[in-house]
Amino acid sequence: MTARYDGQAEWYDEYIGSNAHATTQDIVELLGPGEGPCLDVGCGTGLHLDAIRSTGRTVVGLDRSADQLRLARHRDPAPLLQGDATALPFAAGTFGTVTAIWVSTDIPDFAGLLREAARVLHPGGRLLFYGVHPCFNGPHIESREDGAVIIHPTYRIKGWHKRSPWWRKGGVRDRVGMSHVPLADLMNAFVDAGLAVGRVYEPQERPVPSVLAVRAFRPG
């Protein structure tokens, strides 16, 4: 099965890379200093691997798209694997940290990803989710020029969306689609995976937040 981002790698890297700095700053701050192995699930073209490493951790990247990994290997020396985030090729308790950056919109089974992330974390290990704010960013959102957003009733339609009348023409979502996980489903996925939510954030100072971050850990 061809990954959705195969054939889009160069375009995606250029399109997203110009705005990656704000994300990497947030990731460093939210992770804080650490050590030991960290798995970056859905690492894409490797834009955030060095930021994770700068916190003191040893990073390993995994992505479904061979095309994205091809660019990541040119960018970063970290070990990189092609694989399924809902069936991670690692033993239980392998990692002290797992990061999941911009992945909830690109995987049909976000709950499955969190279950696997919880499995490969050792007891007390930390997970950082950083991604789309499902209330104010998605196929149900119509953005206005003054920065306000209109939330349409399609917020309740979960799952994969191939098209939305409000997506930017030629943008990421217009090209590859988007999986929408409503807020309750997203937060309950942490609980169902056996993770304890430590803190929830709305990073990047904007009147209407487009980003949601969650710090969680595996009890034990």
Side-chain angles (χ1 to χ4, degrees), residues 4-5 8-32 40-45 47-48 51 68 85 99-111 113-114 127-192 195 197-216:
R4 290 184 179 89
Y5 282 86
Q8 307 275 3
E10 278 83 6
W11 173 86
Y12 174 85
D13 195 63
E14 182 177 353
Y15 185 83
I16 297 296
S18 60
N19 297 312
H21 182 64
T23 298
T24 56
Q25 284 185 313
D26 287 341
I27 290 166
V28 170
E29 181 177 341
L30 291 169
L31 275 177
D40 185 25
V41 180
C43 66
T45 61
L47 287 167
H48 310 301
Q68 297 272 66
T99 54
I101 304 167
W102 300 121
V103 295
S104 62
T105 51
D106 291 318
I107 183 169
D109 185 10
F110 180 66
L113 180 153
L114 290 186
L127 181 141
L128 174 64
F129 164 77
Y130 185 101
V132 163
H133 197 307
C135 295
F136 309 113
N137 191 345
H140 56 290
I141 290 299
E142 181 180 357
S143 299
R144 296 195 334 193
E145 291 184 1
D146 63 358
V149 297
I150 299 170
I151 304 174
H152 290 271
T154 48
Y155 169 78
R156 293 288 186 184
I157 303 176
K158 63 183 71 175
W160 201 262
H161 294 251
K162 292 184 178 180
R163 292 285 182 272
S164 168
W166 307 291
W167 282 340
R168 184 186 300 112
K169 297 297 182 184
V172 175
R173 299 304 155 207
D174 191 47
R175 284 172 175 251
V176 300
M178 176 182 183
S179 182
H180 174 55
V181 185
L183 181 62
D185 289 5
L186 187 145
M187 295 307 301
N188 286 332
F190 287 86
V191 177
D192 294 342
L195 294 163
V197 173
R199 203 75 178 169
V200 179
Y201 305 86
E202 293 175 331
Q204 301 184 24
E205 294 181 1
R206 297 180 183 178
V208 179
S210 61
V211 176
L212 183 72
V214 178
R215 285 200 310 193

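Residue numbers start at 1 and run along the sequence shown.
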[Y] and [X], any side-chain heavy atoms less than 4.5 Å apart:
X	Y	answer
Tyr130	Asp26	yes
Val211	Val132	no
Ile141	Trp166	no
Val200	Leu212	yes

Give a yes or no answer on whether the side chain of [X] reaches the backbone of [Y] with a donor-acceptor pair at less than 3.5 Å.
X	Y	result
Ser164	Pro139	yes
Asp13	Ala9	no
His21	Gly17	no

Notebook entry, point to check: So how far is it from Tyr155 OH to Leu183 CG, rounded to the nearest 0.5 Å?
Noted result: 5.0 Å

Notebook entry, point to check: Where is the tightest heavy-atom contact between His140 and Cys135, given as atom of each residue plus distance?
Noted result: NE2-O, 3.4 Å

Next item on the list: Could you pull out the closest heavy-atom pair between Ala216 and Phe190, with the gap in Å?
Entry: CB-CD2, 4.0 Å

Next item on the list: Go through the steps to decide whether Arg168 and Asp174 satisfy the test salt bridge (Lys or Arg N to Asp or Glu O under 4.0 Å), and finish with yes or no.
Entry: CA-CA 7 Å; Arg168 184 186 300 112; Asp174 191 47; over 6 Å; no

Margin query: Centroid separation under 6.0 Å, is that true for the rings of Tyr201 and Phe129?
Written below: no

Next item on the list: Before accepting this row, confirm whether a basic side-chain N of the pair Asp106/Arg4 lies closer than 4.0 Å to the acidic partner's carboxylate O.
Entry: no

Notebook entry, point to check: Are Asn137 and Ser210 close enough that a side-chain donor and a side-chain acceptor fall under 3.5 Å?
Noted result: no

Checklist line | Distance under 6.0 Å and angle within 45° of ring axis: Arg173 vs Trp160 | finding: no

